[in-house]
Amino acid sequence: MQKLSIYNTLSRRKEVFEPLNPPFAGMYVCGPTVYGDAHLGHARPAITFDVVFRYLKEMGYKVRYVRNITDVGHLENDADQGEDKIAKKARLEELEPMEIVQYFTDAYHREMDKLNILKPSIEPRASGHIPEQIEMVENILDKGMAYISNGSVYFDVEKYNASNNYGKLSGRVIEDLMSTTRELDGQNEKRNPVDFALWKKADASHIMRWKSKWSDGFPGWHLECSVMSTKYLGEQFDIHGGGMDLLFPHHECEIAQSKVANGKDSVKYWMHNNMITINGQKMGKSLGNFIRLEEMFAGSHPLLEKAYSPVTVRFFILQAHYRSPLDFSNEALQASEKGLTRLFAAMQTLEKIQASETSTFDVQKLKTDCYEALNDDFNTPILIAHLFDGVRAINQAATGDLKLNATDLQALKDLYKTLVLAILGLEIPQSETTGTGELLNEVVNLLLNLRVDAKVNKDFATSDKIRNELTKLGFEIKDKKDGFEWSLKS
RNA sequence: GGUCACGUGGCCGAGCGGUUAGGCACCGGUCUGCAAAACCGGCUACAGCGGUUCGAAUCCGCUCGUGACCUCCA
């Protein structure tokens, strides 16, 4: 089987994945800033890297997956000066900042669980790593790559760039950055507008603050990721992921900080997922198209025609490649929902197929195709396309138009279990006939048996009536040669 | 304004120089008392204009459109 290749943003090409210390693999992904509800934008990176995590484990690597919770500050870019998102929310709601953080962290976890996203190995919080962050600031100051200004500490980008390449990840050129920066009035603490904060002095109104030798303040946003990735994955690790919106400045700054602090480049493969749009528009609070995951699953947003289950959302996201933009619309979601139902139905059919003496279908070819897709930079849409080729084969096998011997049948079952359940993380909803109660089963069976009798007597008026009424109630009735099948639709 | 992506059939979405993507929808057909499901078949596109090439959705240029970022610390 050929090797896994990953598109590395750093080199802008696909590279064969070779971990630094096999069989171990380290992965760090930028998690949410917990100052608001989990929304659609959170789902994409979570699902993208969940599949990476699952596949690496499936390949046999011992993976440590670190995804942080940003619970320290970060100024609003468009709101009141000097106020950060969490502090502002806390003041408005008259709560402790950590109450806000706890509330939204719990909410985030709840939605991630619904999406069947595996928990990371470690989920560190920025607020729990203040001493380490202060240490890294000192380290960078000692190396002469930062300076103190009015109680804040800034990274000296120009100096760093003299011996390093600042902008190598995002493709920016420092001269351009300096020349395109707008003229800003206000605090001119920085030597150069391209410099970024490592430690920021808190003003009087700032309620999230920690003591340091420079000032009472808080760490610069970019710092937490450098610190926590180093702490839990080492000075060098394999994969760093996040959304494309984080490419610049966040990840660029991380590279610079870590390089200075650790004396070497810390990340081998940089992965970035693309963004989500809603009906072709970017998602934004002011545009009225900001959909929270809770609303998505309940169908309670005005733009939604119906509720979409978490597994549908997950499948929908996986039907596009993670590096392509993805547009959410009712039409597209419903198409995915139907396709997914068909996929799951085939998997249930697969369990009932009887083995033949011979095979007329190449299961190994299907398997190879599937893994080739996965190995080609996690190309889940291609993988899913192959899975649908298999669906056709399964259905043909069920009707006897295609044959599978015992070995191939088992191989096919294993393949779908591994790919669909373990790697793509798609869970078959348990609504079916099970879990609805024994009594209900018996009542429905009774009605359908009466219907069979009516059909035998050619009393089609009665048989149609039973079926139509049940359909109205949300049941799906399928006649079989030797009886019937029914299910309760969600 | 700058940098970087992207623009594919009714809708979504793969593709990265030559071969059917796939899903959904739609139209025929098989099966069925009629349905549903399933299967078979059909519809077969690549924003526009140039260029490179024996050959381009795929490479290059321009135009138009969309998106991300451009540090008053997401």
Side-chain angles (χ1 to χ4, degrees), chain A residues 12 30 32-33 35 70 73-82 84-85 152 154-155 157 167 170-173 176-177 179-182 184-188 190 192-200 218-223 243-250 252-253 272 274-277 280-282 315-316 319-321 323-340 342-343 345-346 349 373 379-389 391-392 394-396 398-399 401-402 455 458-460 463-464 467-468 471 476-481 484-487:
Chain A
R12 297 187 184 264
C30 292
T33 302
Y35 69 104
T70 295
H74 305 323
L75 294 177
E76 301 248 54
N77 48 7
D78 54 357
D80 323 38
Q81 278 191 331
D84 78 40
K85 288 175 173 174
S152 293
Y154 293 98
F155 189 91
V157 172
S170 58
R172 306 214 178 208
V173 182
D176 292 348
L177 288 171
S179 64
T180 56
T181 301
R182 284 159 283 178
L184 302 163
D185 49 14
Q187 30 184 321
N188 252 346
K190 294 181 184 178
N192 194 310
V194 296
D195 294 346
F196 57 91
L198 295 174
W199 184 264
K200 188 80 177 170
F218 53 96
W221 171 43
H222 314 302
L223 201 57
M244 267 182 185
D245 52 338
L246 298 174
L247 235 150
F248 188 87
H250 185 55
E252 202 69 69
C253 296
H272 291 93
N274 214 314
M275 314 306 284
I276 274 171
T277 55
Q281 260 192 324
K282 74 166 180 175
F315 181 67
F316 178 70
Q319 266 193 305
H321 186 79
R323 283 191 286 113
S324 298
L326 175 62
D327 187 52
F328 270 68
S329 65
N330 282 290
E331 209 176 355
L333 249 344
Q334 283 164 31
S336 280
E337 188 175 49
K338 286 179 188 164
L340 181 61
R342 209 172 129 236
L343 175 64
T349 301
N379 199 325
T380 53
I382 296 279
L383 165 61
I384 290 169
H386 291 312
L387 289 173
F388 275 109
D389 289 338
V391 164
R392 187 167 294 113
I394 289 166
N395 287 327
Q396 284 176 321
T399 57
D401 292 330
L402 181 149
K455 288 202 323 183
K458 307 263 182 217
D459 180 4
F460 298 122
S463 74
D464 285 352
R467 185 176 63 200
N468 292 340
T471 303
E476 185 177 62
I477 315 299
K478 292 179 197 169
D479 288 354
K480 297 281 174 176
K481 286 138 278 182
F484 53 80
E485 236 177 45
W486 64 272
S487 60

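As a basis for the values below, the full set of heavy atoms in this structure was taken, side chains included, without hydrogen atoms, waters or symmetry mates. Letters go in sequence order (proteins before strands), and every chain restarts at 1. Just so we're clear, the structure is a prediction, and the values are computed from it rather than from any experiment.
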- Query: Tell me, do A:W199 and A:P219 make a side-chain contact under 4.5 Å, heavy atoms counted?
  - Reply: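 The answer is yes, as the side chains (C-beta and beyond) meet within the 4.5 Å cut-off.
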
Provide the distance between the two [atom1] atoms, one in [N] and one in [M], to the nearest whole Å.
N	M	atom1	answer
B:C62	B:G1	P	15 Å
B:G2	B:C73	P	25 Å
B:G67	B:A47	C1'	16 Å
B:U58	B:G18	C1'	11 Å
B:G50	B:U66	P	24 Å
B:C6	B:A57	C1'	14 Å
B:C40	B:C31	C1'	11 Å

Can you tabulate the close N/O pairs, meaning under 3.5 Å, that link protein atoms to atoms of nucleotides 35-41 of chain B?
unit_1 : atom_1 : unit_2 : atom_2 : d
B:A35  : N1     : A:D479 : N      : 3.3
B:A35  : N3     : A:R467 : NH1    : 2.9
B:A38  : O3'    : A:N395 : ND2    : 3.0
B:C39  : OP1    : A:N395 : ND2    : 3.2
B:C39  : O3'    : A:Q396 : NE2    : 3.2
B:C40  : OP1    : A:Q396 : NE2    : 3.0
B:C40  : OP2    : A:R392 : NE     : 3.3

Does [X] have any side-chain hydrogen bond (donor to acceptor under 3.5 Å, both in side chains) partners at least two apart in sequence or in another chain, and if so, which?
X	answer
A:D464	none
A:S336	A:Q319
A:Q334	A:E305, A:Y308
A:R467	none

- Please name all residues satisfying side-chain contact (heavy atoms from CB on, under 4.5 Å) with A:I382, sequence neighbours left out, ordered by chain then number.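 Residues passing side-chain contact (heavy atoms from CB on, under 4.5 Å) with A:I382: A:A373, A:N379, A:H386.
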
- Item | A:K338: partners by side-chain contact (heavy atoms from CB on, under 4.5 Å), with sequence neighbours left out |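 A:K338 satisfies side-chain contact (heavy atoms from CB on, under 4.5 Å) with no residue once adjacent residues are dropped.
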
- Query: Which of parallel (below 30°), tilted (30 to 60°) and perpendicular (above 60°) describes A:H250 and A:H222?
  - Reply: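 Judged by the thresholds at 30° and 60°, the geometry between A:H250 and A:H222 is tilted.
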
- Under the ring pair (Phe, Tyr, Trp, His ring centres under 6.0 Å) test, residues paired with A:H321 that sit two or more places apart: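 Checked A:H321 against ring pair (Phe, Tyr, Trp, His ring centres under 6.0 Å); zero matches.
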
- Task: Kindly write out the residues that satisfy ring pair (Phe, Tyr, Trp, His ring centres under 6.0 Å) with A:F328, not counting sequence neighbours, or none if the list is empty.
- Result: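 A:F316.
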
- Query: Where each pair must be Watson-Crick or G-U wobble with both distances under 3.5 Å, what dot-bracket representation of RNA chain B is obtained, with crossing pairs in [ ] and other-strand partners as |?
  - Reply: ((((((((.[[[..)..(...]]].(((((.......)))))....[[[[[..)....]]]]])))))))....

How would you label the contact of [X] with the nucleic acid (heavy atoms, under 4.0 Å): base, sugar-phosphate, or nothing?
X	answer
A:H250	nothing
A:F388	sugar-phosphate
A:D389	sugar-phosphate

Please list, for nucleotides 4-12 of chain B, all pairs of protein and nucleotide N/O atoms separated by less than 3.5 Å.
unit_1 : atom_1 : unit_2 : atom_2 : d
B:C11  : O2'    : A:E331 : OE1    : 3.3

- Message: Taking 4.0 Å as the cut-off, does a side-chain nitrogen or oxygen of A:K282 come that near to OP1 or OP2 on B:A68?
- Response: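 Yes, such a contact exists.
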
- Query: Closer than 4.0 Å, any side-chain N/O of A:S324 to the OP1 or OP2 of B:A14?
  - Reply: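 A:S324 to B:A14 OP1/OP2: side-chain N or O found under 4.0 Å.
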
- Message: Could you work out, with salt bridge (Lys or Arg N to Asp or Glu O under 4.0 Å) as the rule, every residue matching A:D479, not counting sequence neighbours?
- Response: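 For A:D479 the salt bridge (Lys or Arg N to Asp or Glu O under 4.0 Å) partners, ignoring immediate neighbours, are A:R451, A:K455.
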
